[in-house]
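Below is one structure, written out as structure tokens; the observations come after it.
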Amino acid sequence: MLLRKLVAGNWKMHGLSSDIDEIQAIAAAASDYPEVDVALCIPAILIERAVRAVPGLAIGGQDVHHSDKGAHTGCTSARMLVDAGATLTIVGHSERRDAQRESDAAVKAKAEAALGAGLNVILCIGESIEVRDSGTAIETVMTQLGGSLPQSLCEEGELALAYEPIWAIGTGKTPTSDEIEEMHAAIRGKLLDRFGSDGGQVRILYGGSVKPSNAAEIFSIPEVNGALVGGASLKAADFMPVIAAAAGS
Ligand code: 13P
């Protein structure tokens, strides 16, 4: 099935109010490619300002707490993101699974809380280099997926998966096209098993060192329905060619 490509930027812990100009430049670039869905997941504190500055661009968070509200110092609920104008959020990024010790069950709860609040979700999965080298990447990611997926889906497009091999994040290394194809096919199979034909509507993004020079090749791989982009999403000059490559694929 041909799904619209989704190209999402993950700004991680980058971005100050002085970077709103860059977000405006990215929104302007994105509007040249209406055939691609473009989103930027930015620090929560910048969301409201970004939404005011670029009302046409999908702005998202990078994490949510699983609770609606309560005594959770420093955390952000899905309703708070919605209140700030966000339309999506990342959950389960490997940097949080590692540093914040987020389990599959915790990621599942976050995904369900976000979907329940009306946010679209980009749910991240991916293996370490040790797992890749041991030859068990597919089994490991399938187990992660099984434990992290929300119980059910309601609307088309509300859930996207991001396959991000940890060893490819910020390293300039990427899996081979065959390795990406094999993993994305396995993820699609699991989604179809789990959600029936609705699993065919879930976009599967690739993430990890996506940049202007490799984007076209990555987007040409079967079952790659977009990308989650870190470093190359920080500047419009780098992000624009990635969006253009998605449009051309
Ligand atoms: P890089 O594109 O900088 O490798 O980061 C990928 C990533 O972690 C996106 O979530």
Side-chain angles (χ1 to χ4, degrees), residues 5-15 19 22-23 26 29-30 36-44 46-47 58-64 81 86-100 102 107 110-111 114 119-129 131-132 137 141 144-145 148 159-177 179-180 183-184 187 202-219 221 224-246:
K5 293 264 190 311
L6 168 62
V7 179
N10 175 10
W11 273 26
K12 308 190 180 184
M13 202 169 72
H14 298 282
D19 295 304
E22 205 60 48
I23 295 176
I26 289 169
V36 179
D37 291 334
V38 178
L40 266 192
C41 296
I42 60 176
L46 270 188
I47 290 174
I59 297 290
Q62 301 171 5
D63 178 51
V64 288
L81 288 186
T87 55
L88 75 153
T89 188
I90 295 169
V91 297
H93 194 283
S94 59
E95 287 155 10
R96 294 195 59 85
R97 287 179 183 263
D98 179 34
Q100 274 74 35
E102 289 185 1
V107 172
K110 285 167 184 265
L119 291 169
N120 290 343
V121 166
I122 299 175
L123 194 166
C124 303
I125 46 179
E127 82 284 357
S128 66
I129 192 63
V131 167
R132 171 59 62 179
V141 172
Q144 241 181 7
L145 193 54
S148 310
L159 177 69
L161 269 294
Y163 167 55
E164 298 203 309
I166 297 167
W167 50 275
I169 295 176
T171 59
K173 295 181 192 157
T174 53
T176 65
S177 294
E179 285 168 340
I180 296 176
M183 185 63 81
H184 279 231
I187 294 169
V202 175
R203 288 182 284 198
I204 308 171
L205 317 183
Y206 168 79
S209 296
V210 175
K211 48 190 181 225
S213 59
N214 62 16
E217 184 180 343
I218 289 171
F219 289 133
I221 300 169
V224 172
N225 312 123
L228 184 58
V229 185
S233 71
L234 294 172
K235 297 281 173 211
D238 297 325
F239 202 29
M240 198 180 80
V242 176
I243 298 167

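All ligand and atom numbering here is 1-based and tracks the order in the structure.
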**OP:** Could you list the atoms of ligand 1 found under 4.0 angstrom from a heavy atom of L228?
**Re:** 9 (C), 10 (O)

Original post:
Does K211 have a heavy atom less than 4.0 Å from any atom of ligand 1?
Top reply: no

Original post:
What is the nearest protein non-hydrogen atom to atom 3 (O) of ligand 1, stated with its residue, atom name and distance?
Top reply: G231 N, 2.8 Å

**OP:** Work out whether the distance between some heavy atom of S209 and some atom of ligand 1 is less than 4.0 Å.
**Re:** yes

Original post:
Going by the order shown, which atoms of ligand 1 are within less than 4.0 Å of some heavy atom of G208?
Top reply: 4 (O), 6 (C)

Original post:
Counting distance only, does the side-chain N/O of R97 pair as donor-acceptor with the main-chain N or O of G126 below 3.5 Å?
Top reply: no

Subject >> Proximity winner for atom 1 (P) of ligand 1, if only heavy atoms of G230, G9, G207 are counted >> reply: G230

Subject >> Residue pair V210 / V7, side-chain heavy-atom distance below 4.5 Å >> reply: no

**OP:** Side-chain contact test, heavy atoms from C-beta onward, threshold under 4.5 Å: evaluate it for D37 versus R203 and give yes or no.
**Re:** yes

Original post:
Got the closest protein heavy atom to atom 7 (C) of ligand 1, with its distance?
Top reply: E164 OE2, 3.1 Å

Subject >> Side chain, backbone, both or neither: the part of N10 lying under 4.0 Å from ligand 1 by heavy atom >> reply: side chain

Original post:
Out of curiosity, I180 CD1 to I218 CD1, how far, rounded to the nearest 0.5 Å?
Top reply: 5.0 Å

May I have the list of side-chain donor-acceptor pairs in residues 161-169 shorter than 3.5 Å, sequence neighbours left out?
residue, atom, partner, partner atom, Å
Y163, OH, E127, OE1, 2.8
Y163, OH, E127, OE2, 3.0
Y163, OH, R132, NH2, 3.1
E164, OE1, H93, NE2, 3.0
W167, NE1, E127, OE2, 3.0

With a 3.5 Å cut-off and sequence neighbours excluded, list the donor-acceptor pairs that the side chains of residues 228-243 form with protein atoms.
residue, atom, partner, partner atom, Å
S233, OG, V229, O, 3.1
S233, OG, G230, O, 2.7

